[in-house]
Structure formats: structure tokens, C-alpha cells
Amino acid sequence: MKRRGSGIGCMWYPIGFTVSANPSAATVKVNEDGTATLLTGTVETGQGSLTVLGQIAAEALGVATEDVHVVSADTDATPMDTGAIASRTTYVTGNAVKLAGEKARSILFEAAAPMLGVKPDQLEARDRKIQVKGFPQRSVPMGDVARHALVVKGEPPIGTASFNPPTVAMDPETGQGKPFSTYVYATQIAEVDVDDETGEVEVLRIVAAHDCGTPINPMLVEGQVEGGIAMGIGFALQEEILFDAAGRQINPNLTNYIIPTSLDMPEIEVDIVPSYDPTGPFGAKGVGEPTSVPTAAAIANAIYDAVGVRVTSLPMTAEKVLAAIRAKRARLGVKGDG
Amino acid sequence: MSEKRTAAEKETLREILPEVGTEHRLPATPPPAQYSIETLVPEVRQQTPAVGQRATRLDARLHGLGQTKYIDDLAFPGMLHAKIKRAGVASARIVCIDTRAAEAVPGVMAVLTGREIPVNSFGPSIQDQPVLADERVFHAGDGVAAVAAVTEQIATEALERIVVEYEPLSAVFDPIDAMKEDAPRVHPPAGNVYAHKVIRKGDVERGFAESDRVFEGRYATQMVEHVPIEPHAAIAQWDSNGRLTVHSTLGRITLGRTDLARTLKLPVNRVQVVGTIVGGNFGGKNEISQEPVLALLARKAGRPVKGVYTRREEFVASTTRHPIVMDYKTGVRRDGRILARKVRLVLDGGAYCSWSETTLGKACILSAGPYKIEHLHAEAFAVYTNKTVTGAMRGFGAPQVCFAYESHMDEIAAALGIDPLEIRLLNAFDEGSSSPTGQTLESVVVKASLLKAAQRFGWREPRS
Amino acid sequence: MSELRIMVNGRVRTASVPPETTLLALLREHFGLTGAKLGCDVGDCGACTVIVDGHAVNACLVLAAQADGREVVTIEGLAPADPLHPIQQAFETHASLQCGFCGPGVILSAKALLDGNPDPTTAEIRDALAGNLCRCTGYTKMIEAVRVAAQALRGDRDTGAAAASPPAWSEA
């Protein structure tokens, strides 16, 4: 029969390593109508980084997401980037993008200041306008300022910047030090049904509460959590590369190496835990890897809650779970307990 | 290359080429007429401020229309197709490689072996990995030779004609066995433990002595693969200035350019690496793999060369996640408060280092869990084995150690009769807590995440 | 050589190809329709899914010759005019695709489902997508988008409204 259980998995994960330099650079170019182009050396791998970086650039310039065109992934044309690794893109590349946007913006402020009769440091960029802080009705449309900068002043609004979390050496003896700039935290709780006659585990529901600092795009954060949970379920229950005695893989194909399908996915509920990291762009940290970290633990603990057996190796296949159930029954039988 | 072919060979080629199509891989008919899509911009992308918006992705529309171009969707005039021969033996000396029969196959334009690689080693930290195996094979997925031909089918068939003679050598597959003194050395004369890290804080033995109970557990995780739905793909081509352009699924193009320049002995400004969008990376496409091979084949053949991994190669030839054996020992007070923790991690480091040093470091630092622990000793080893290369995969050691420390935590909770949520709330980091490496932590929200998840889940509420 | 005459996205296309050519190779290499993807070439991943005579099939498992005389719909044929097909529209607003590589296959599996079953249950949607592997998204936003698209298609049919302008989509 099926027995239900629930289990918690809690984790922490680092963002932006400091043990060695990992810079990212970016360039923001504002066009004569107030739209802009962002150049970044990062490569989109599906997580939505280009969309998020575009939103950060738009925020820095005070324009909308649609106003920023993002160009990426060409070592000739886009500035260097250490890479979309270690969940660092929003934090490190995002900071570079924000700084580059602010540099381009400062050229716009210099051009707008005389137009509005104020000093540049009295200006802010919001809602596609350059306006006087505290007096939003005194403003000039972004396009007018950009055109003025380009064709009247002859100063193109281009900003290039880089960011590197300050490098800090670690103590080689004790491992003490500051290896990462910041960390994110998360908890996933899994609800499973375990069939105590077959050992099969069905994941019914996962509740995920993830910290990512400021969520630049909450919809994409949810996507990362859902995708990470899928990978976590595969890691927990299904996937394994098997080798023969001669060290050759036995199952190098998708028929015999099982990854989750739409049929394997539970109901997923995602909450973003509020937090703000002042060292990240607009308070953002990151989310790409943490999402697949606690899932297997939550499922393992849910299995224990359901049938009282502890499987200590992954994947927790039906065979392993059933063997553990039988072993437990045998132990209880030997002791004479019911 | 083609000038060296005899008249008879050219005649044979003329017979084949009409069958495979001289404009192979370019559309035979014009693509369907472009329908006009109104540039409807979703309102959310027009809103300010931009941060915090559920903005639709800038690539969503092209994805949905099937218009996004991935590397395998690209084609260049005269492009050839490359395949790489995989060793199939886990540990061996290469006695000789005979490629003559493959070179004679009609439609084969270039063949490459390891000894032709200008600098035949790469790796993000230890450069122990060959572009193509030259004298030794260290795992069954090692590439030993490559062929570029007018079609993938001809290239695959030509691989069969390459004769490689191996002298099998001793091998070791289990990382714990590989740590023993008498284990066969994977990369002699060096020992098999190639990376090591220790984190020490406080005094673990004193912590255990002060504990009311001490718990021990061993946990183990398996080798898994990224399984990006898009296989590794790249296209290499040269211009007449000797400048190399590589279109690739590489996630880290700056690093890829550096590695291509190094292995091919080119100035960096003569190398261009271009990406489009990667169809899934997860850490498996972060270092060069076939790119230098394709570049050299392209130089030999005088034509662009494309290589696309088979799904089999995705498993045997690309990197995987480190299996880890994790030993935990934790001392607690009877109320569940953790006083001391000792961790030993043994990472299956595969045939080459790849990202193992970074994975080792991260796993070691994270292994204590998000918990306040005054006395800590965490030690980690990465060990060579003659198996698939273990490298970067989403989490870098975190999924493995989290499975261990959270399973361990629940075992402790059960033994002490404490609710799993309560024991975590008791021990979790607070704002300003000291990490395992003595770092003062800021913007800490572990407890908030625990409480939020528990509330949404209805943790331990009576079931209706 | 196989001489073929196939209706692809509403147009008759002809080709002369070696008999072992798969439908996937025909579409990608001979017709330049690169929306269908090569993920495994043996029918495990579904990235090559196209619709043949109304059925979602793995194009890598179908010989081009087997498609002779049949109607094939690829992702390129899904939105023949303004605006986007409701499935594509829903996928866009729901961020259902991340790297997008599995996308054309998933969308066509969804279309084949909704063409035959306009009011599917969530279980039926999961079942229809079960042959399409996705490593990025966890399928969650895809299933939601298919549900929403089904609703919109039923709504258009009920009111008899021609899809002259895009329906107002609610956010996820």
C-alpha cells in the first residue's frame, strides 16, 4: 500500500567567488532616440540571463525592458566575461552592466543639466525621462537628451565597466577566509507516496522557498526553481551512469539513462524569500544552481517519514527502497515486534 | 588537399557528390515566405521600473516560432562534417594508429591524430587533459583520432577504418580503492589523490567530548550527466589571413578563446569564438572539447568543419557530476544543538582534473550545512580513476553534500525525538553568523526560508 | 534514390534523396526547416517531433520515404499568419521555454493533443508531453501554458471569433 511522508531539505549556496579574480565587463550604448544596446560577453544558456541583464541596464538608464537590445557571445565584439558559472551572472555581470549603464547615464546627465538649468548631480533617470530629483515635472524625454548629447555636444552616451568581487586569499592551512562574496539560502519540502510493496516513490508536491536577493524577474526565478527541482528529482530517484567491470559505460543513451519527464513532475509551489544584498545590482544575488541542491535531501527525508527507512545512497531507486523496507521488516520480525 | 587526389579518385568523388548533394546542408529550395508578425510587444516589457517585472524573455518569440538558431542549424558553403573515434578502453598505451584506410574512403577530406595537435593539453586548473589522446588513453571516452568528410555518415563509417592498436594497462575505478598505496596509478608517477582541502575551525575533538550524543553516517551519490537536449556542437573555419572563427556551444567563450589560442599556438587576436544560444549547459559546455580538433581538420581540408556530438558521446566523452562518498560525524547536545562536526569527502575525480579543484573547494566549504557549528573539521580529496571525466555540473558539489548533511540532520532529529523543522531552526545561521571559513554572513535568510516553506506546506498540520 | 512528394506546411515539396534518409534529415538538410532538432537521433528525446497526418511523431524514426504523399506540419507552419498560434502566444507569456531547444517538439505535441482533444485534463496534457524531454524548465510552465491555450482555442471557437487580434492573456 502507499504510504505518505514529507521531508525538509535546507541549503546554502555561494554567489560570486572571491578566491580568484572572476571579472565581467559590459558596454551600454544609448541611441539617439533614448533606446539602448547592451554588449555582454556572457552566453545565454537558457536561464534568461540576457533578459535579466537587459532589465538591469534598463533600470540603470531609467527606461523600459523593451528599450534595451542585448548583444552577446562574440569574443570580437562583446567584452570579456568569466562565464555563466557558479550562479554569478546576475550578481557579477549584472553589477558590470549596472555600472556601465550608469556611466552612459552620466554623459546624459551632463548633456541634460544645462537643458534643465541644474547641476548633473541633481538629476535622475526614470520613466524614460531625465528629470530633476524631487521635481519630476521638470524633465526632458530621454530621446531628446540623447540626441542632444550626440549631435549637439558631440559626446556619444557610451559606458563601459567591469566588476570583480574583491579577491581575498584563503588561509592554506585552515581554509579560513572569505571565499565568496555572498550566499543564498533555500528550503524545499517534499511530499511523497511510497509504495511499500514495490518501493516506488512518487513525488506529489514540492514547496520551495528560495532566496535570490532582489528578484530581477520573478517569472524567470520560478522557471529556475521548477527546472532545478526537475534535475533534483532525477538525481534523487532515477539517474545513474553505470560502468561495467572494464570501466565502460553500460547505459550511454536516453533509453536506459532515465531523466524526468512531464509525468514525473510534482505540483510545485514557489515562494521567493525577501532579502536585499547591498553588494548586488539593485540588491540581487543569484539563483541558477541552488534550485537543484536540496531536492534529493527533501525526498530522502520524506521517504523516511513515509516508511521509516533511510536510504543513504543515490539514486533511491525502487529496488533500494524496497530492499530497505524488507530489511527493516526482517529486523522487526527478528525482534518479535509487530 | 584535393590537388593531391589522383584522377581516379576525383572520378569517384564526382560519382558520389551528386548523391549527397554539392549544396548539402543548404536548403534546396527557398525557405517558406516570411509571414509578417506584427511587432506586438507585451505590455510588461514597456513598463518602468524594469527590475521586478515579470518581463517576457527577449528570445521567447523566436523560440516559440522555431526561429532561434543553434549551432547545428548553421551551415557554411563547402562545410564538412567531423566525427571523433573514441577509445573504448579505460586504460591503455596507444601502440600505433593507422589511418590510411580511412583517408582512402571517398568523401573523406582530412584525418587527424593527437600527435598533430600543437599543444596537446588543456584544463581549467591542471592541464592534464589531451585534445586527442596521443600516447596514453585514460578513460574509454578519450578521443584518439578524427575524420572530416562530406557527410556525417561517411565520417562515421571512416572511423571504423581507423585501426588502433592498444596495450592494455592496469586501471582503477573505485575512488576509495584508488587512494590506497598499492592502487594502480592513473597518471604515474603522481599519486591518485590530486587535490586536497582542509577546513579547520575550533577543536572538533573537544567538541565531541562536550557533546551529549555523537552520530555517524556515510552517504554516497552517483555519477550523473547534464543531458542537455542540445548535444555539443561547433563549426571551425579559417580565413585567408589565418584567422580562426569557431561557432560553438561553449558557455565560456572568453576562456574558450584562450584555450584555442594556447592549444593551436595562435595569438589570441587571431581567434574568434562566437555563440548563439546554448541549448542547455548546466556546466557541461564550459571548457573546450572538440573545437581544436575541428579547427585543425578545417585547416587541413581548407573547408569549414562542423562537429556535433552523438548522444552517446554526450555520456562517454563529455564531463559528469562527481560521485562523492561522504562520512559525517556530528556531536550534539541533547536539545539538538550541534557542537561539533567532522566531514570527510572523497570525490571520484575521473580521468582528468577538469573542474574538480573548484568542486572540491565548494563541496568542502558547504559540507557543514547552513548551520552554526563552533568546532568543525572538513577534509576533501579528489582522486583519479579511469572513468569518465568529472567536472562542473550544476551545484559543484552542493547537491551531494546537501543530501548528506540533511539526511544526517533528520537521523539526528529522529534519534533525539525532535521535529525536523525545530532542529533546523535551532541550528541555522542568523544574520552575522560565522561561516565554516570564519566569514561573517550577511543578508542571511535561512530561517525565513524554513518558516516560509513550512507555512506554505502546512508542515506537520494534521492531515484531513 | 527515393523520389518524394510531400505536403509540408501547406505547400507541396519534392525531393530526391537516398532511401535511408530520415524525415528529420529531409526537413533540416534538404528543406532548410531547422525548427525540428537533432537531440538523440533514436527517438528517445522528442526534440524532432513533427505532425504527420495529424499524429505527433519523432521525425528521426520516420524515413523520408514513409512521409511520401502525406501532410507534414513543422513548427514553421504553425503560425501561417498574424498573430501567433495560441500555443505559441501562451508559451511566450508564461516563460514556458528557457533554452528553447525542445520547444518546437513540445509545441507540436501540444498542438496534436489540442487538435484532437480541445478540453484536456492536466493528466492528459502531461501524457501528451511525456515523449518530449526538457532539461531546463521542469515542464511546469509548459503544462500551464497548454491549459491556457486550450481555453483560448475553445473560447474562440465558442464565440466564432476569428483570431484577427491576439486575445488578452492574463499573466501566469
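Everything numeric here is computed off the predicted structure, so don't read it as measured data. A note on names: the letters A, B, ... follow the listed sequences, proteins ahead of strands, and every chain is numbered from 1.
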Colleague: Taking the side chain as every heavy atom from C-beta outward, state whether A:Asp74 and B:Gln272 have any pair of such atoms under 4.5 Å apart.
Modeller: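 Touching, per the 4.5 Å side-chain cut-off.
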Colleague: Cut-off 3.5 Å, side chains only: do B:Ser443 and A:Lys285 have a donor facing an acceptor?
Modeller: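 B:Ser443 vs A:Lys285: donor-acceptor pair found between side chains.
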Colleague: Verify whether the ring centers belonging to A:Tyr257 and B:Phe315 lie closer than 6.0 Å.
Modeller: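 Yes; B:Phe315 has its ring centre under 6.0 Å from that of A:Tyr257.
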Colleague: Are A:Arg310 and B:Tyr219 in a cation-pi setup, meaning NZ or CZ lies under 6.0 angstrom from the ring centre and within 45 degrees of the ring axis?
Modeller: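 The answer is no, since A:Arg310 fails at least one limit relative to B:Tyr219.
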Colleague: Would you say the side chain of A:Met170 lies within less than 4.5 Å of the side chain of B:Thr437, judging by non-hydrogen atoms?
Modeller: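 Heavy-atom side-chain distance check passes, below 4.5 Å.
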Colleague: Any side-chain donor paired with an acceptor under 3.5 Å for B:Arg394 and A:Thr291?
Modeller: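 Result is yes, a qualifying pair exists.
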Colleague: How about B:Thr48 and A:Asp127: does a side-chain donor come under 3.5 Å of a side-chain acceptor?
Modeller: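 Yes - a donor-acceptor pair under 3.5 Å links their side chains.
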Colleague: Under the side-chain contact (heavy atoms from CB on, under 4.5 Å) test against B:Leu58, which residue among A:Thr65, A:Leu50, A:Val68, A:Leu53 passes?
Modeller: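 Only match with B:Leu58 under side-chain contact (heavy atoms from CB on, under 4.5 Å): A:Leu50.
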Colleague: Could you check whether B:Arg460 pairs with A:Asp305 (Lys NZ or Arg NE/NH1/NH2 to Asp/Glu carboxylate O, under 4.0 Å)?
Modeller: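 A salt bridge links B:Arg460 with A:Asp305.
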Colleague: Any Lys/Arg nitrogen of A:Asp76 or B:Arg243 sitting under 4.0 Å from an Asp/Glu carboxylate oxygen of the other?
Modeller: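 A salt bridge links A:Asp76 with B:Arg243.
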Colleague: With heavy-atom distances below 4.5 Å as the criterion, would you say the side chains of B:Leu441 and A:Tyr185 are in contact?
Modeller: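 In short, these two side chains touch, coming nearer than 4.5 Å.
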Colleague: Side chains of A:Asn301 and B:Glu406: donor-acceptor distance under 3.5 Å anywhere?
Modeller: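 No, no side-chain donor-acceptor contact under 3.5 Å.
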Colleague: Ion pair present between B:Arg57 and A:Glu44, side-chain N to carboxylate O less than 4.0 angstrom?
Modeller: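 Salt bridge present between B:Arg57 and A:Glu44.
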Colleague: Say whether A:Gln55 and B:Arg45, considering side chains only, have a donor N or O and an acceptor N or O under 3.5 Å apart.
Modeller: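 Judged by distance alone, the side chains do not pair up.
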Colleague: Would you say the side chain of A:Glu222 lies within less than 4.5 Å of the side chain of B:Arg54, judging by non-hydrogen atoms?
Modeller: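 Yes, their side chains come closer than 4.5 Å.
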Colleague: Could you name each residue pair satisfying salt bridge (Lys or Arg N to Asp or Glu O under 4.0 Å) that touches residues 434-443 of chain B, not counting sequence neighbours?
Modeller: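 Residue pairs passing salt bridge (Lys or Arg N to Asp or Glu O under 4.0 Å), neighbours aside: none found.
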Colleague: Where on B:Asp410 is there a heavy atom nearer than 4.5 Å to chain A: the side chain, the backbone, both, or neither?
Modeller: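 When you check distances to chain A, atoms from both the backbone and side chain of B:Asp410 fall under 4.5 Å.
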Colleague: Highest number of heavy-atom pairs under 4.5 Å with chain A: which of B:Val227, B:Leu366, B:Leu451, B:Leu421?
Modeller: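 Of B:Val227, B:Leu366, B:Leu451, B:Leu421, B:Leu366 has the most heavy-atom pairs under 4.5 Å with chain A.
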Colleague: So for B:Ala60, is it side chain, backbone, both, or neither that comes closer than 4.5 Å to the heavy atoms of chain A?
Modeller: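 B:Ala60 has no heavy atom closer than 4.5 Å to chain A.
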